[in-house]
Undergrad: 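Okay, handing you the structure first.
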Amino acid sequence: YDYEDLDTGIRVTALLGPLMAAGASGQAWMKELPAAMATVQTLYNDVITGYPDTTEMEARFRKLLEYSLPDEIESLSKLMLAAALIVQERFEEALEVMDPADFGAEPSPLLYHQRGTCLGGLERYDEALQEYETYSQLLGWDSSLRELTADLYLAKGDRETALEHSKMG
């Protein structure tokens, strides 16, 4: 059984390779990973209930990133750290963590989604729209992305295009 988060394009089996390659030798970072990932599992529930506290999530992923990690685990850790920063509305810091040059030739679509969220939060609407466009080219449009895009066009004052995206969502 393989689990893929369709909003992010993160597939569990893609992470198993680096974990298996690290072996059972007890790499120090492997001891940190389960607790860090547990904070991600609660993040979505906390956001829904309106009480997100991502300070522990931020701390755990910052600690994890102190290690020399396999590329896939490092990329995931950066994306999760950025997610914690986004919830805290620390958009500039999140963008620094998500430099596309650090993510290899085929980064997770989540990179573009999160960068779009940050840029929109910084009122850099055209750049945010470009990031969402890249995301849509990789995973296609969905209702959530249409809503986010509509919000950006509305913020830009383009009510007609905002309405178009809203109707498609």
Side-chain angles (χ1 to χ4, degrees), residues 3-12 14-15 36-62 64-65 71-169:
Y3 169 77
E4 180 174 19
D5 183 333
L6 296 179
D7 285 335
T8 64
I10 295 174
R11 181 166 276 196
V12 170
L15 300 176
M37 292 307 293
T39 65
V40 175
Q41 291 175 333
T42 61
L43 173 64
Y44 294 108
N45 291 335
D46 292 346
V47 168
I48 290 169
T49 61
Y51 303 107
D53 181 359
T54 60
T55 52
E56 180 183 359
M57 182 177 172
E58 177 186 355
R60 289 196 180 274
F61 280 102
R62 284 196 189 280
L64 198 56
L65 286 164
D71 291 343
E72 296 90 340
I73 303 299
E74 181 178 353
S75 293
L76 176 66
S77 297
K78 287 180 177 181
L79 290 171
M80 296 303 100
L81 171 57
L85 296 170
I86 289 167
V87 170
Q88 297 171 36
E89 297 185 4
R90 292 163 53 194
F91 302 123
E92 289 286 354
E93 285 180 72
L95 284 172
E96 289 172 17
V97 171
M98 296 185 296
D99 182 347
D102 294 339
F103 282 81
E106 294 183 27
S108 166
L110 179 59
L111 172 68
Y112 303 105
H113 192 288
Q114 289 189 172
R115 285 181 55 79
T117 299
C118 291
L119 292 163
L122 294 169
E123 299 180 6
R124 293 164 52 185
Y125 304 125
D126 290 330
E127 293 171 84
L129 288 166
Q130 184 56 51
E131 296 291 340
Y132 287 155
E133 177 63 31
T134 302
Y135 174 88
S136 74
Q137 290 171 3
L138 296 169
L139 283 183
W141 287 96
D142 57 43
S143 61
S144 172
L145 187 61
R146 289 285 184 195
E147 180 183 345
L148 292 168
T149 302
D151 290 345
L152 291 174
Y153 278 110
L154 190 59
K156 285 179 55 159
D158 185 346
R159 295 176 58 85
E160 185 176 320
T161 307
L163 183 59
E164 289 173 23
H165 278 276
S166 183
K167 286 180 179 179
M168 289 186 270

Undergrad: Got a second to check how far Tyr125's OH is from Asp158's CG, nearest 0.5 Å?
TA: 13.0 Å

Undergrad: Taking the side chain as everything from C-beta on, heavy atoms only, tell me whether Tyr112 gets closer than 4.5 Å to Ser136.
TA: no

Undergrad: So how far is it from Gln114 CD to Met80 CE, rounded to the nearest 0.5 Å?
TA: 5.5 Å

Undergrad: Indicate the atoms forming the closest heavy-atom contact of Ala83 with Met57, along with that distance.
TA: CB-CE, 4.1 Å

Undergrad: How long is the span from the CG atom in Leu76 to the CG atom in Leu81, to the nearest 0.5 Å?
TA: 11.0 Å

Undergrad: Can you name the side-chain contact (heavy atoms from CB on, under 4.5 Å) partners of Glu127, sequence neighbours left out?
TA: Leu119, Arg124

Undergrad: Using a 4.5 Å cut-off on heavy atoms from C-beta on, say whether the side chain of Glu131 contacts that of Cys118.
TA: no

Undergrad: Could you tell me which residues satisfy side-chain hydrogen bond (donor to acceptor under 3.5 Å, both in side chains) with Glu96, sequence neighbours excluded, listed by chain and number?
TA: none

Undergrad: Between Tyr132 (side chain) and Thr117 (backbone), is there a donor-acceptor pair under 3.5 Å?
TA: yes

Undergrad: Of all residues at least two apart in sequence or in a different chain, which pass the side-chain hydrogen bond (donor to acceptor under 3.5 Å, both in side chains) check with Asp71?
TA: none

Undergrad: Could you go through the side chain to side chain contact (heavy atoms under 4.5 Å, CB included) check for Gln130 and Asp126 one step at a time?
TA: CA-CA 6 Å; Gln130 184 56 51; Asp126 290 330; over 6 Å; no

Undergrad: A side-chain contact here means heavy atoms from C-beta on lying under 4.5 Å apart; do Thr54 and Phe61 qualify?
TA: no

Undergrad: Just so I know, are the side chains of Leu122 and Leu95 near enough to count as touching, which here means a heavy-atom distance under 4.5 Å?
TA: yes

Undergrad: Using every non-hydrogen atom in the two residues, find where Ala128 and Gly120 come nearest and quote the distance to one decimal.
TA: CB-N, 3.5 Å

Undergrad: How long is the straight-line distance from CG of Leu79 back to CD1 of Ile86, given to the nearest 0.5 Å?
TA: 9.0 Å

Undergrad: If every non-hydrogen atom of Leu145 is compared with every non-hydrogen atom of Gly140, which pair is closest and at what distance?
TA: CD2-O, 4.2 Å

Undergrad: Have Thr39 and Glu56 got a donor and an acceptor in their side chains that come within less than 3.5 Å?
TA: no

Undergrad: Can you give the donor-acceptor pairs under 3.5 Å from side chains of residues 162-169 to other protein atoms, not counting sequence neighbours?
TA:
residue	atom	partner	partner atom	Å
His165	ND1	Arg146	NH1	3.0

Undergrad: Take Glu133 and Tyr135 through the test side chain to side chain contact (heavy atoms under 4.5 Å, CB included) and record every step on the way to the result.
TA: CA-CA 5 Å; Glu133 177 63 31; Tyr135 174 88; over 6 Å; no

Undergrad: State the NE2-CG distance between His113 and Leu138, to the nearest 0.5 angstrom.
TA: 12.5 Å

Undergrad: Quick one: list whatever passes side-chain hydrogen bond (donor to acceptor under 3.5 Å, both in side chains) with Glu74, sequence neighbours left out.
TA: Lys78

Undergrad: Are more than 12 heavy atoms from other residues, nucleotides or ligands located less than 6.0 Å from atom CZ of Arg159?
TA: no

Undergrad: CE of Met98 to CD of Glu93: how many Å apart, nearest 0.5 Å?
TA: 11.5 Å

Undergrad: Could you pull out the closest heavy-atom pair between Leu111 and Pro107, with the gap in Å?
TA: CD2-CB, 3.7 Å

Undergrad: Answer with yes or no whether the side chains of Gln88 and Glu58 bring together a donor and an acceptor at under 3.5 Å.
TA: yes

Undergrad: List in chain and number order the residues that pass side-chain hydrogen bond (donor to acceptor under 3.5 Å, both in side chains) with Thr149, two or more places apart in sequence or in another chain; answer none if no residue qualifies.
TA: none

